[in-house]
Amino acid sequence: MPRPAPKSGRKAGQKRAQNRPTGLSASVAELDGVGPKVAEKLARLHIETIEDLLWHQPLRYEDRGTKQPLSPEHLGEAALFEVRINEVRPLFRGKARLVCNAIGEGVHGPTELTIWFFGRFGPTPQAGRTYLLFGELQQGPHGLEIAQPELVTPGQIGQIRPVYPSTEGLAQPKIRQLVEAALEIAVRDLRDPLPGGIREAKGWPRLMIALQRIHLPRQNHGTPRRDEPTFDRLITEELATHILALRQRRAVTRQVAAPAIPPQEHLFDQLLEHLGFTPTGAQQRVIGEIKTDLAQRLPMLRLVQGDVGSGKTLVAAAAALDVIDAGYQVALMAPTALLAEQHARNFAQWFEPLGLSVLLLSGQQSAAQRREGLAQLADGRAQIVIGTHALFQESVAFNQLGLVIVDEQHRFGVHQRLALTDKGASQEGGARRPHQLIMTATPIPRTLAMTQFADLDVSVIDELPPGRTPVKTVVVRADRRGEVIERISQVCAEGRQAYWVCPLIEEGQIEAQAAETTFTMLGEELPHLSIGMVHGRMNATEKQHEMARFKSGDYHLLVATTVIEVGVDVPNASLMIIENAERMGLAQLHQLRGRVGRGATASHCVLLFDEPLSDRARARLGLMRETEDGFRLAEADLEQRGPGEVLGTRQAGIAKLKIADLQEDQGKLEEAGQLADELLERFPASVSPLIALWVGSAGQYGQV
Ligand code: ADP
Ligand code: MG
């Protein structure tokens with residue numbers, strides 16, 4: 001591909017005059033033909049450095065090597081066709097400039113083809129001559145057609161061309177030219193971080209060869225496929241490297257000592273006594289695992305996975321009490337202000353009778369309250385502080401922080417989690433690192449666990465407290481709303497409570513309106529009930545006030561938006577109605593449904609839907625009716641919506657992969673794990689270069 005002339009001699013001269021070696025880490029702006037406008041377009045594609053171009057993966061390939069027959073089988077595909085043009089007619093109707101009648105070989109003999117040319121298209125085709133066309137075959141009203149094909153010159157035959165993701169105003173040839181320029185630099189600059197021995201044993205190509213295969217595939221090797229050694233190498237290596245990066249991070253984290261906390265019993269026993277329940281076997285086991293960790297001088301890094309309602313709070317409380325007993329402080333971070341408030345109330349109720357001081361830090365407090373709270377933390381009067389992520393964003397100083405608990409981790413992405421725990425660490429002045437306990441209700445499919453949580457030990461609470469009755473789920477079309485309202489009336493007459501969750505709408509304002517409309521409608525339909533409402537547009541105090549009234553039984557019915565998705569605990573509520581359930585993902589539905597079934601009464605969940613129902617939505621609702629198994633739902637969610645959604649990229653995002661796809665490439669995880677082990681054991685020196693290549697030298701997992 002010839003390079004276009006530089007836009008101005010002066011600019012090219014300048015670049016050369018600086019005589020700066022253009023390395024892979026340099027900005028794309030260093031490349032010929034990249035001015036500010038092109039650079040800005042590339043940035044839209046997340047291409048900022050020259051190296052980024054190497055990882056810009058083709059969407060697909062165009063095979064200009066194999067002539068295809070003119071047959072309906074190839075409709076909609078861009079392919080190479082050979083035709084003889086019989087007639088060329090200029091045409092100024094619409095935008096078409098020329099229409100040609102041509103004939104080529106079909107599967108059952110000669111087949112006619114209509115060719116349209118628009119605007120300027122290069123040399124005018126001549127009647128009576130044979131051409132190679134590259135274009136997309138379509139079915140027109142009078143037979144096969146091709147619009148605006150490329151006339152392929154003999155020199156171009158046999159190429160397999162990558163087609164890249166692009167953006168407006170950035171043509172394919174331009175991207176190809178830039179990728180080729182990056183490859184030229186890579187030949188000089190790119191080191192293959194994978195030990196040759198491993199590469200050879202697995203029959204994998206060198207890195208440079210692999211990249212050339214992806215961007216400059218040769219005809220005689222056919223179109224690149226995801227199951228060939230090139231991709232096998234890159235995908236396995238990338239997954240292995242992410243696992244290594246998390247493990248390395250774990251090692252780094254654990255270089256700093258944590259306070260060793262000997263197991264205590266008496267505070268927790270006192271708590272259980274006044275709570276009146278015994279921990280489940282699963283809770284006991286997980287508490288034991290945590291105690292073992294806490295007793296070490298190494299910081300605990302533990303993820304507690306437990307389905308909605310499995311009683312993670314009690315486990316957190318057990319850990320917190322040991323830490324407090326040993327004279328250290330505990331910070332608990334919740335994903336929403338509502339949940340932070342609920343935890344604060346809960347912990348106050350549990351801990352204050354034990355003579356401990358529980359502090360809530362929230363954005364709603366007055367400056368004076370806040371100052372007082374911060375002072376209590378700094379001098380150690382407050383033993384446990386509860387708040388949202390704001391806890392770690394501001395300069396909150398602890399007296400002796402011994403444990404950081406992150407609740408409902410699925411609401412935070414991997415970066416956010418790591419950043420937060422880092423902040424928690426730095427507040428210790430670097431000398432000591434607090435233990436970390438991370439809790440999540442999202443059962444994490446193995447694929448995700450390996451790549452996103454390889455730095456954590458995992459405990460699973462795989463048992464629900466006794467006395468729970470399964471939630472019966474029904475799927476109901478929205479026009480049967482009347483029956484549902486009748487049902488609310490019955491349930492509330494029996495002294496139970498109900499939730500009504502309004503549809504998920506992107507804009508906060510409209511969502512609040514939807515809640516208000518529903519609130520008014522239900523108020524008219526159910527005049528004998530007292531109804532509360534929470535939505536995202538209310539301030540935290542208002543929300544907390546409404547929640548508290550619902551919890552205390554002031555309200556029969558709570559109209560809510562999905563703000564109640566996480567953690568809200570009102571055991572007397574036994575009916576959950578979810579409007580437009582077809583718009584929600586499985587994880588979210590599961591979380592919402594988990595708000596009921598927390599007491600001994602049989603609970604129900606009504607999933608209301610509007611027609612038309614897509615096949616996927618139908619399948620989702622069917623699965624919700626069929627199972628309460630959070631793990632099955634999470635697996636299905638991962639399949640349907642991808643890992644970003646499952647882990648909640650809404651907030652932060654998961655580790656970004658260059659080539660591998662967590663869903664598509666699940667099958668390679670096993671091998672990737674083994675490769676990570678092998679690299680660590682036999683080639684420890686290759687680990688840093690691998691991480692630099694795949695994860696970035698600055699490291700999206702951050703250096704501590
Ligand atoms: P989650 O795991 O979803 O955070 P919670 O910690 O909110 O669950 O617990 C759900 C409910 O179960 C709470 O009302 C809690 O007090 C109760 N609970 C927790 N453990 C037990 C237990 N061992 N026996 C009885 N009830 C329990
Ligand atoms: Mg919880």
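Whatever order the structure lists ligands and atoms in, that order sets their numbers, starting from 1.
Each of the atoms 2 (O) of ligand 1 lies under 4.0 Å from some heavy atom of D307. Every atom of ligand 1 is numbered from 1 in the order shown, and the set under 4.0 Å from a heavy atom of T313 is 4 (O), 5 (P), 6 (O), 7 (O). Close contacts between ligand 1 and P279 involve ligand atoms 23 (N) [criterion: under 4.0 Å to a heavy atom]. Distances below 4.0 Å separate heavy atoms of T278 from the following atoms of ligand 1: 22 (C), 23 (N), 24 (N). Residue-ligand proximity, S310 to ligand 1, at heavy-atom distances under 4.0 Å covers atoms 2 (O), 8 (O). Taking every heavy atom of T280 and a limit of under 4.0 angstrom, the matching atoms of ligand 1 come to 23 (N).
Between the CD atom of Q283 and the CZ atom of F277 there is a distance of 7.5 Å, given to the nearest 0.5 Å. Of the inter-residue distances, the one linking Q329 atom CD with S357 atom OG reads 9.5 Å to the nearest 0.5 angstrom.
Checked against a 3.5 angstrom limit, the closest N/O atoms of W350 and ligand 1 fall outside it. Between G311 and ligand 1, an N or O atom pair is found at a separation short of 3.5 Å. Any N or O atom pair closer than 3.5 Å counts here, and G306 shares no such pair with ligand 1.
For the 3.5 Å distance criterion, the side chains of T440 and Q305 fail to qualify, holding no donor opposite an acceptor.
A salt bridge does not link D407 to K312: none of the charged side-chain nitrogens sits closer than 4.0 Å to a carboxylate oxygen. For the pair E341 and R345, the salt-bridge criterion is met [side-chain N within less than 4.0 Å of a carboxylate O]. R632 and E626 are joined by a salt bridge, as a carboxylate oxygen and a charged side-chain nitrogen come within less than 4.0 angstrom of each other. In summary, K551 and E546 do not engage in a salt bridge, as defined by a charged side-chain N under 4.0 Å from a carboxylate O.
Counting heavy atoms closer than 4.0 Å to ligand 1, residue M439 contributes nothing at all. Within the 4.0 Å heavy-atom criterion, neither part of D407 lies near ligand 1.
When every heavy atom of I461 is checked against every heavy atom of A282, the shortest pair comes out as CG2-CB, 3.8 Å.
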